[in-house]
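Structure record follows, encoded as structure tokens.
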Amino acid sequence: MMEVARRWFRRRFSDPQAVILAFLLVIGFAAILLFGRILAPVLWAIVIAYLLEGLVVFLERRGVPRTPAVLIVFLLFMAFLLVLVFGVVPLLWVQMMDLVRDLPAFIAMGQQVLLQLPERYPFITEAQVQEVLAAIRSQVGALGQRMLALSLASILNFITIIVYLILVPLLVFFFLKDKRLILGWVRGYLPRERALAARVWDEVNRQIGNYVRGKFWEILIVAAVSYLVFALMGLQYAMLLGALVGLSVIIPYIGAAVVTLPVFMIGYFQWGWGPELAWLMVAYAVIQALDGNVLAPLLFSRVVNLHPVAIIVAVVGFGGIWGFWGVFFAIPLATLVSAVLSAWPTTPEPAATAPPSAPARARTPEIERETPS
């Protein structure tokens, strides 16, 4: 067993550039794992800079110098941020408070529906219904305690948000303005024999940039379309549900399935069983189908295709390690793993030498025995 492991290690790590790549990967993952919470503003700024870099490059290709292009894109970003903070977020907050206020009425309606289940379905007993109701009451009580704790910590959260709103835009501006300077400074501390690491980084850098920009536009388009459809149908909390549907695209496959429940429950509590609820679910299914079959392939045409099993494993694995950031970057991280495995040099094992053939046995005695006397 030790000999097998030794041969595998020699095949995979005999190239010095492979050792350098492994060292850089370990350092990068360890830094994010240990200091990810502290470096959250920097991570947000890097994500936004990736998002805005596409617009800067677009303007540069049209003949605009780098600095004016950065200023134009940054001003557009600040205008979008102001609209988001002072226009969209207050409306979402109002609808969220309305939902919390109406939650007891929804729970009472749900209890009435559950109490009628034993009459319609004999295999469901009243004891099972009472257990479900007790679990719902306990969860509602825990939700109330969480809301109270959130309100008590709102001052600290408000200060943190203010710091983020000041610090992140500054970092974004300097990441865009001094991109080449920062990248050159980082390269100065890297080993000289880094051709393999540079090749992997170029591929992953392109994939992450395409993914972040595509994911932003996907969230924005899906949220806007969902809000318009829900509002035209007269659904309550249309903006809140539209935002949830937009954010659900961050988690492939799983997000759409999870958000289906609140959309269905709000529609049921508002209209009950009827054609309005059926049309709502049909419209929601059409939005998800268009997103999965038209919008996502259009936005992510240059992103490496991954098998659905690989995507789900990446979401679960990286989400368990890094939380939201692991979920958001699950596909780029899976692409990083795929790029590393594809580019990793492997030293072929030496061909096994065949054992020397045994000398032919002398057949003289047999010939002598067969020769007549």
Side-chain angles (χ1 to χ4, degrees), residues 47 51 84 88-89 91-92 95-96 99 103 106 110 139 207-208 210-271 273 275-335:
V47 170
L51 176 64
L84 186 67
V88 178
V89 172
L91 295 176
L92 291 176
Q95 291 198 358
M96 187 181 299
L99 179 60
L103 192 59
F106 293 157
Q139 291 297 325
Q207 297 296 334
I208 292 179
N210 294 334
Y211 176 79
V212 171
R213 287 186 286 271
K215 187 60 68 176
F216 169 79
W217 286 112
E218 185 183 12
I219 293 172
L220 194 62
I221 294 172
V222 172
V225 171
S226 301
Y227 165 69
L228 290 176
V229 171
F230 295 160
L232 290 175
M233 299 183 71
L235 183 65
Q236 295 177 343
Y237 320 109
M239 181 171 287
L240 181 61
L241 291 176
L244 287 177
V245 175
L247 292 175
S248 68
V249 303
I250 294 177
I251 310 176
Y253 309 109
I254 303 173
V258 172
V259 177
T260 302
L261 181 61
V263 172
F264 174 81
M265 296 301 295
I266 295 299
Y268 173 77
F269 289 138
Q270 181 176 348
W271 296 313
W273 295 108
E276 295 88 353
L277 180 62
W279 282 115
L280 172 65
M281 299 314 298
V282 169
Y284 178 75
V286 170
I287 292 173
Q288 293 296 337
L290 291 177
D291 173 45
N293 297 291
V294 178
L295 183 61
L298 181 64
L299 293 175
F300 302 107
S301 59
R302 292 184 295 174
V303 176
V304 174
N305 293 324
L306 297 172
H307 194 276
V309 174
I311 294 175
I312 294 174
V313 171
V315 169
V316 174
F318 292 117
I321 297 174
W322 290 310
F324 169 80
W325 289 108
V327 171
F328 185 82
F329 286 106
I331 294 179
L333 289 172
T335 303

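FYI, the numbering just counts along the sequence from 1.
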Exercise. Just wondering, do Met281 and Thr260 contact through their side chains at under 4.5 Å, heavy atoms?
Worked result: yes
For this session: State the CD1-CD distance between Ile266 and Gln236, to the nearest 0.5 angstrom.
Result: 7.5 Å
For this session: Start with the C-alpha distance between Leu280 and Phe264, add both sets of side-chain angles, then the distance that settles side chain to side chain contact (heavy atoms under 4.5 Å, CB included), and finish with yes or no.
Result: CA-CA 8 Å; Leu280 172 65; Phe264 174 81; over 6 Å; no
Problem set entry | Value rounded to 0.5 Å, distance of CG in Leu240 from CZ in Phe230 | 10.5 Å
Problem set entry | Rounded distance (nearest 0.5 Å) linking atom CG of Leu244 with atom CG of Leu261 | 11.5 Å
For this session: Give a yes or no on whether Tyr227 atom OH has more than 12 heavy-atom contacts from other residues, nucleotides or ligands under 6.0 Å away.
Result: no
Problem set entry | Inter-residue atom distance Met96.CE - Leu91.CG, 0.5 Å rounding | 12.0 Å
Exercise. Atom OG of Ser226 and atom CG of Asp291: how far apart are they, to the nearest 0.5 Å?
Worked result: 8.5 Å
Exercise. What is the minimum heavy-atom distance between Met233 and Ala283, and which atoms define it?
Worked result: SD-CB, 4.1 Å
Exercise. Going by heavy atoms in the side chains, are Ile219 and Ile250 under 4.5 Å from each other?
Worked result: yes
For this session: For Val259 and Ser248, work out which heavy atoms get closest and say how close.
Result: CG2-CB, 3.4 Å
For this session: Could you list the residues that satisfy side-chain hydrogen bond (donor to acceptor under 3.5 Å, both in side chains) with Gln95, not counting sequence neighbours?
Result: none
For this session: Compare every heavy atom of Phe216 with every heavy atom of Leu51, then report the nearest pair and how far apart it is.
Result: CD1-CB, 3.4 Å
For this session: Check whether any side-chain heavy atom of Gln288 lies under 4.5 Å from a side-chain heavy atom of Val245, and answer yes or no.
Result: yes
For this session: Return the minimal non-hydrogen interatomic distance between Ala243 and Leu92, and the atom names on each side.
Result: CB-CD2, 4.1 Å
Exercise. If we only count heavy atoms from C-beta on, is the Trp217 to Leu295 side-chain gap below 4.5 Å?
Worked result: no
Exercise. Can you tell me how far CH2 of Trp271 sits from CH2 of Trp279, rounded to the nearest 0.5 angstrom?
Worked result: 13.0 Å
